[in-house]
Every structure is written in structure tokens, then in C-alpha cells.
Amino acid sequence: MVKLCGLVAGTLCLAQLASATFRTSLTLKDFRAQLEAHQAEKHAATVARDVKPSLLYPARTLQVPVDHFHNESKYEPHTNATFPLRYWFDRSHYKLGGPIIVLQSGETSGVGRLPFLQKGIVSQLAEATGGLGVILEHRYYGTSFPTSDLSTESLRFLTTEQALADMAYFAKHVVYEGLEHLDLTAPKNAYIAYGGSYAGAFVAFLRKVYPDVYWGAISSSGVTEAIYEFWQYYEAARIYAPQDCVHATEKLTNVIDNILIKKTGTEYVQRLKTVFGLGNLTRSDDFANTVSFGISGLQSTNWDPALNSTDFGFYCDNVSSTKLLFPGAARLSSEVKDLITAGGYGDEVDTLANQMLNYIGYVNATVVSGCKGNQDACFTNFNSTFYQQDGLDQDWRAWPYQYCTEWGYLQTGSGVPADQLPLISRLINLNFTSVVCREAFGITKPSDVEVINKYGGFEISYPRLAIVDGEKDPWRAATPHAIGLPQRVSTVSEPFILIKNGVHHWDENGLFPNQTTPNLPPAPVVEAQSEEVEFVKAWMVEWRKSRCRAGRR
């Protein structure tokens with residue numbers, strides 16, 4: 001069996017922390033895995049002294065107000081305190097008058113974004129324009145904590161509008177070490193924001209809310225439309241994944257649902273769990289979730305081998321094959337055929353039997369084998385004791401708080417239209433995906449998505465705001481490139497770029513010149529990055545003209 005690396009059952013390997021995936025509907029297992037990954041990252045930082053980005057770009061901090069909005073009652077009790085917002089910068093390309101390119105790191109530690117100062121979009125833009133490259137950490141992530149704990153009360157300052165105000169404050173007040181003799185603040189200098197995923201939507205909003213501070217913004221895979229129940233997340237896999245994988249997943253998921261939902265109270269429920277090696281897992285929704293991870297892997301694919309996860313391909317190769325790939329599973333053949341028949345697919349049992357056996361083998365190899373103790377402890381999504389932990393070491397709390405309060409994106413199978421077979425079980429419903437909201441934060445009502453959608457949602461548009469998305473991105477359905485929306489004309493002022501075959505902000509990362517090959521980066525990525533360079537250069541021409549006009553007045 002191939003050893004898997006990447007997001008498997010919510011576990012991130014250390015090599016891929018830099019490309020940590022934007023997800024919601026996270027489970028308790030994911031939160032535990034995040035804690036373990038961050039501990040490993042911290043350990044690696046103490047032993048791997050040759051990590052070049054960390055040596056080249058030491059962390060700095062700027063004291064930023066904890067509370068920018070003293071007139072808003074939701075932030076009561078207010079505070080006049082400040083906190084250290086972490087950032088890094090690269091001055092190697094800077095020339096007087098060049099722009100400041102600020103990459104918003106989003107819902108993760110900014111450390112993982114440091115390679116983009118060396119290679120990737122920040123480096124490319126800075127080199128092309130004589131710019132200064134910056135990575136800016138988001139409040140409540142990495143080490144940029146405004147409060148002494150992550151209790152629900154302390155998290156009241158974790159809102160999109162407060163974080164947007166941080167980024168504006170940064171541009172207006174920062175002094176870059178070694179460049180103290182220059183005033184490099186906004187609006188005296190052209191600040192260009194870049195962000196991918198959540199951060200992509202974030203910088204799009206930033207351009208609209210603070211247009212006098214940020215001259216332009218590039219929103220890559222920017223999820224500008226907040227959606228509470230986001231069943232559409234799996235539509236990209238349904239449309240773009242190998243269709244034999246899609247059809248097998250739909251049918252096998254339907255077998256599971258027909259047993260777990262329609263045969264509740266019968267022996268088939270326990271037999272189904274047992275055949276998957278999960279016979280000691282109590283809850284059926286936990287079981288349905290535990291076997292669903294494979295189809296979720298599309299988002300973790302990347303054109304760069306160093307960042308790519310092969311998990312999605314491994315899953316599809318297994319579940320779509322009609323040849324038995326796990327010989328040890330042959331002993332389960334008779335039981336699997338009985339379950340397929342009980343699940344309503346008796347007329348397809350000869351085809352589906354080996355596919356289900358391969359599915360079982362895949363789940364055992366990638367998920368079940370990793371549990372060394374009680375299966376409920378390993379795989380349940382319900383554990384009040386865990387959710388009530390709120391120290392700063394429980395940094396998993398930050399992103400769930402954001403999606404529970406504002407963003408939504410709870411990825412369900414139950415929301416899929418009744419005339420369509422879902423790729424994950426219908427038992428994965430709002431009650432299941434929102435348990436963290438209730439248990440960790442006491443939130444029992446839907447996310448207030450209008451707090452986000454007031455910025456423009458699908459229709460967001462603004463001069464010098466670029467929208468860049470991936471054709472096959474699971475998050476495309478929450479972007480202005482969502483299938484079914486009117487196609488926009490791409491202009492220099494408002495570029496509108498869809499990367500063919502691209503997935504999640506594929507334009508962000510890059511390679512050193514000696515690493516490139518005729519196929520790496522792929523042509524659509526090269527084209528998108530080249531377009532970004534050209535329109536940012538054009539924005540800078542416009543900037544200089546505006547400065548000249550201002551000087552004549």
C-alpha cells in the first residue's frame with residue numbers, strides 16, 4: 001500500500017502545512033489533528049535550522065488595536081488594548097516608488113506563506129514592479145493573539161470587519177526595519193493586496209471598504225458569497241472527477257444511506273459498520289462521516305509536486321476499480337454482496353461488490369488503521385469536554401468560530417437535491433456539522449452570512465479588483481466564477497480569470513527558475529501569473545499618473 005501524505009481523515013503531514021486547506025464542517029478529529037500538526041511544526045522549527053524562509057525573513061510585529069469599533073455594541077466590553085500583529089517582508093526587489101505587495105495569510109499561521117516571498121506570486125509581482133513583498137498574519141492565527149485565551153467572550157473580536165481594519169491600520173502605520181528613512185505607508189505608496197481562499201474574499205472586501213488605503217487587490221479563489229449550508233462543495237468533484245469514481249461513490253454512498261437511514265433498528269446497520277472495520281463506532285453519523293474522507297480530497301491537489309496531495313487520486317483509483325485491489329478483503333465478499341442487496345442495488349451486485357471491497361480496503365488503510373484505541377474516541381464528532389477547552393493552545397477554535405458566526409459553509413450531504421445522489425451521506429447534516437458551534441461556542445442559530453454578503457457576494461466588483469479562480473475548485477461555487485453566473489468581460493481594471501483545470505488558488509505558489517520544466521508550472525498557471533504581473537504593472541502606471549495629477553493640484 002502507498003503511504004499517504006496530506007489531508008487524510010483530517011490529518012495534515014508537516015510537509016504540507018504551507019498549503020493547509022481551507023475547510024469548514026471540520027470534525028473533532030480534524031481539530032485534534034491540527035493540534036498535533038502545529039506541535040510538530042513548532043518542533044521542526046527548533047531543529048531545522050536550515051529552513052531558508054525563516055532565516056531570510058525574520059518575524060516582526062506591529063502593535064494594532066484589539067478593538068477598532070468602539071461604537072459597535074457587539075464588541076462590549078470594549079478595550080483600548082493593542083496586540084502584536086505579526087508580519088514578514090522581503091526588500092530584495094524593492095525600488096523607490098515601487099508598490100507594497102501584501103499577502104494576507106488568512107486562517108492559518110503566516111509562517112506557511114513565507115515561501116511565497118521567495119517564489120510564487122508575491123515574489124513575481126515584487127520583481128516585476130520593484131515592489132516590497134509582505135506576508136501579514138491574521139488576528140487570532142499563528143502568534144497574533146489579541147486576547148489571553150480563546151473563550152467565546154475573548155473571540156468576540158474575531159470578526160471580518162476587525163481583521164479588515166487591522167490590514168488597513170498596518171498599511172497606514174508600518175515602518176519596515178532597514179527602511180526607516182522611507183515613509184512606506186499608505187496612501188503615500190501603492191499597496192496591493194493578495195489573498196487566496198478565505199483571504200481571497202478578505203482582500204476583495206478590503207479593496208471596497210478601504211479603497212484609499214489599498215490601491216488594488218487580487219482575490220484568488222475568493223469565497224465572496226457566504227453560504228450557510230454549502231452542499232455545493234462536492235459539485236466540483238461530481239462534475240470534474242473521473243466519472244467512474246463519481247458513479248461508484250454515489251452508488252456506494254446510497255447503499256450506505258439506504259441501510260443507515262431506511263433500515264434503522266435492523267441488524268444491517270451493525271453489519272455495515274463491522275464490514276468496514278468500524279463495528280465499535282456507536283453513532284451512524286460518525287460512521288458515515290468517517291468513510292467519506294476520500295472524495296473530499298480534490299481541494300488538496302496542486303500542480304506543484306511539493307504541495308500536491310495524491311490522496312484524491314488514490315481514493316478514486318481504488319473505489320472505481322472493478323478488480324479486487326485488497327486481496328485480504330476477499331473474505332468479506334459474501335457479506336458485502338448481502339449488504340449491497342439490502343442497500344437496494346441487488347441488480348448491480350456483481351459490479352459493485354469489488355468496488356465496495358476496495359472502498360473498505362481504502363478506509364481501513366487510510367483511516368481505521370490509524371486508530372489504536374476506542375473507535376468512538378478516535379472518530380466521534382461529539383465530545384463536550386474537548387470542545388470546552390479554550391486556552392491559546394487550542395488554536396483550532398479560531399476558524400470554526402468564524403464560520404459559526406459569519407461565514408457558514410457547512411458541507412452536508414443532506415442538502416443535496418432529492419433527485420440527485422450525494423457523494424457523502426445524507427446523515428452528514430446541519431446538526432452534525434454544526435456541533436462545534438453549539439458545543440464550543442454556545443451558538444445555536446445559523447451563521448449571519450449577510451454580514452459577509454453585504455460586501456457584494458457573487459456580484460462583487462470594484463476598480464482594480466482582480467477575480468482569479470480555478471475551474472475545478474470545490475470552492476468555485478462560492479465565488480463570482482460559480483457555474484451559472486453571467487460571464488464577465490475581463491479588463492485591465494477588473495481582471496476576471498478562470499484557470500483551466502485549476503483547483504484552489506493555484507496561482508499563488510511557484511518554483512525557482514532551476515525547478516521549472518516544460519510542464520511545470522502548467523501553462524494555464526503560467527498564463528494567469530503572467531496576466532497578474534501585466535495588470536499590476538498597468539495599475540502602477542495608473543498610480544503614477546494619479547500622483548502626478550495630485551502634485552499639480
Taking the ring centre of each residue, are His138 and Tyr198 less than 6.0 Å apart?
yes

Test item: Val367 and Thr290 side chains (from C-beta on) under 4.5 Å apart, heavy atoms:
yes

Are any of the side-chain heavy atoms of Val64 and Tyr169 separated by less than 4.5 Å?
yes

Give the intermediate values and the outcome of side chain to side chain contact (heavy atoms under 4.5 Å, CB included) for residues Arg438 and Ile443.
CA-CA 5 Å; Arg438 300 188 302 275; Ile443 296 171; over 6 Å; no

Apply salt bridge (Lys or Arg N to Asp or Glu O under 4.0 Å) to residues Arg464 and Glu542 and explain how you reach the verdict.
CA-CA 10 Å; Arg464 296 186 300 278; Glu542 188 178 349; 2.9 Å; yes

Pro480 and Phe496 have their tightest heavy-atom pair at O-CZ, 3.5 Å

If you draw a 6.0 Å radius around NZ in Lys74, do more than 12 non-hydrogen atoms from other residues or ligands fall strictly inside?
yes

So, His505 and Asp469: side-chain donor and acceptor under 3.5 Å apart, yes or no?
no

Between Tyr403 and Val436, is there a side-chain heavy-atom distance shorter than 4.5 Å?
yes

Check for a donor-acceptor pair, side chain of Lys537 on one end and backbone N or O of Thr129 on the other, with a separation under 3.5 Å.
no

Gap separating the CG atom of Asp448 from the SG atom of Cys404, nearest 0.5 angstrom
13.0 Å

Evaluation steps, side chain to side chain contact (heavy atoms under 4.5 Å, CB included), between Thr160 and Val451:
CA-CA 9 Å; Thr160 301; Val451 171; 5.9 Å; no

Any side-chain heavy atom of Phe432 sitting closer than 4.5 Å to one from Thr27?
yes

Under the ring-ring contact (aromatic ring centres under 6.0 Å, His included) test, residues paired with Phe145 that sit two or more places apart:
none

Euclidean distance, Asp390 CG relative to Glu153 CD, rounded to 0.5 Å
10.5 Å

With sequence neighbours excluded, what pairs up with Tyr462 under the side-chain hydrogen bond (donor to acceptor under 3.5 Å, both in side chains) test?
none

Is the ring centre of Tyr214 less than 6.0 Å from the ring centre of Tyr191?
yes

Heavy-atom nearest pair, Gln63 first then Pro84, reads NE2-CB, 3.6 Å

Apply salt bridge (charged side-chain N to carboxylate O under 4.0 Å, His left out) to Glu225 and list each qualifying residue two or more places apart in sequence or on a separate chain.
none

Test ring pair (Phe, Tyr, Trp, His ring centres under 6.0 Å), reference Tyr176, set Phe89, Trp88, Tyr94, output is Phe89

Can Thr159 and Tyr75 be counted as having a side-chain donor-acceptor contact under 3.5 angstrom?
yes

So, do Phe170 and Tyr87 have ring centers that fall under 6.0 Å from each other?
yes

Would you say the side chains of Asp149 and Ser154 form a donor-acceptor pair under 3.5 Å?
yes

Please find the pair of heavy atoms, one from Leu392 and one from Thr147, that lie closest to each other, and give the distance.
CD2-O, 3.6 Å

How close do Leu206 and Ala168 get, counting heavy atoms only, and between which atoms?
CD1-N, 4.4 Å

Return the CG to CG distance between Leu182 and Asn189, rounded to the nearest 0.5 Å.
8.5 Å

Do other residues, nucleotides or ligands put more than 12 heavy atoms under 6.0 Å from Gln515 CD?
yes

Taking the six-membered ring for Trp, are the ring centroids of Trp399 and Tyr140 within less than 6.0 Å of each other?
no

With a 4.5 Å cut-off on side-chain heavy atoms, are Asn381 and Val435 touching?
yes

For Arg86, salt bridge (charged side-chain N to carboxylate O under 4.0 Å, His left out) partners two or more places apart
Glu137

NZ or CZ of Arg139 within 45° of Phe83 ring axis and under 6.0 Å:
no

If you measure from CD1 on Ile452 to CZ on Phe202, what distance do you get to the nearest 0.5 Å?
10.0 Å

For Arg60, check salt bridge (charged side-chain N to carboxylate O under 4.0 Å, His left out) against everything at least two apart and list the hits.
Glu177

Correct closest heavy-atom pair for Pro495 and Trp539 would be CD-CZ2, 4.1 Å

I'd like to know if the side chain of Asn453 reaches the main chain of Ala226, judged simply by a donor and an acceptor atom lying under 3.5 Å from each other, with no hydrogens or angles considered.
yes

Residues Ile218 and Glu532: closest non-hydrogen pair is CG2-OE1, 3.3 Å

Could I get the full list of side-chain hydrogen bond (donor to acceptor under 3.5 Å, both in side chains) partners for Asp286, not counting sequence neighbours?
Thr380

Are any non-hydrogen side-chain atoms of Tyr194 and Val203 less than 4.5 angstrom apart?
no

Lys454 side, atom NZ; Glu161 side, atom CD - distance, nearest 0.5 Å
5.5 Å

So, Tyr409 and Ser447: side-chain donor and acceptor under 3.5 Å apart, yes or no?
no

Do Ser461 and Glu494 pair up side chain to side chain, a donor and an acceptor below 3.5 Å, judged on atom types alone?
yes

Walk me through it: do Cys371 and Phe379 pass the test side chain to side chain contact (heavy atoms under 4.5 Å, CB included)?
CA-CA 8 Å; Cys371 179; Phe379 302 121; 3.6 Å; yes

The test is side chain to side chain donor-acceptor pair (under 3.5 Å); show your working for Asn308 and Thr301 and say whether it passes.
CA-CA 5 Å; Asn308 180 52; Thr301 59; 5.0 Å; no

If we ignore hydrogens and angles and just use 3.5 Å, is the side chain of Glu76 paired with the main-chain N or O of His78 as donor and acceptor?
no

Under the criterion side chain to side chain contact (heavy atoms under 4.5 Å, CB included), I'd like the reasoning laid out for Glu508 against Leu103: C-alpha separation, chi angles, the key distance, then a yes or no.
CA-CA 10 Å; Glu508 187 167 22; Leu103 184 145; 3.3 Å; yes

NE2 (His173) and CG (Leu62) are apart, to the nearest 0.5 Å, by 8.0 Å

Would you please indicate if the ring centroids of Trp396 and Phe31 are separated by under 6.0 Å?
yes

Do Pro474 and Val503 come within less than 4.5 Å of each other through their side chains, counting heavy atoms only?
yes

Answer yes or no: is there a side-chain heavy-atom contact under 4.5 Å between Ile101 and Val134?
no

When you measure from the side chain of Ser219 to the backbone of Gly200, do you find a donor-acceptor pair of N or O atoms at a distance under 3.5 Å?
yes

Counting only N and O atoms by type, is there a donor-acceptor contact under 3.5 Å from the side chain of Thr412 to the main-chain atoms of Gly415?
yes

Pair Trp407 + Tyr228: ring centers closer than 6.0 Å
no

Residue that, paired with Asp473, satisfies side-chain hydrogen bond (donor to acceptor under 3.5 Å, both in side chains) out of Gln299, His481, His504:
His504

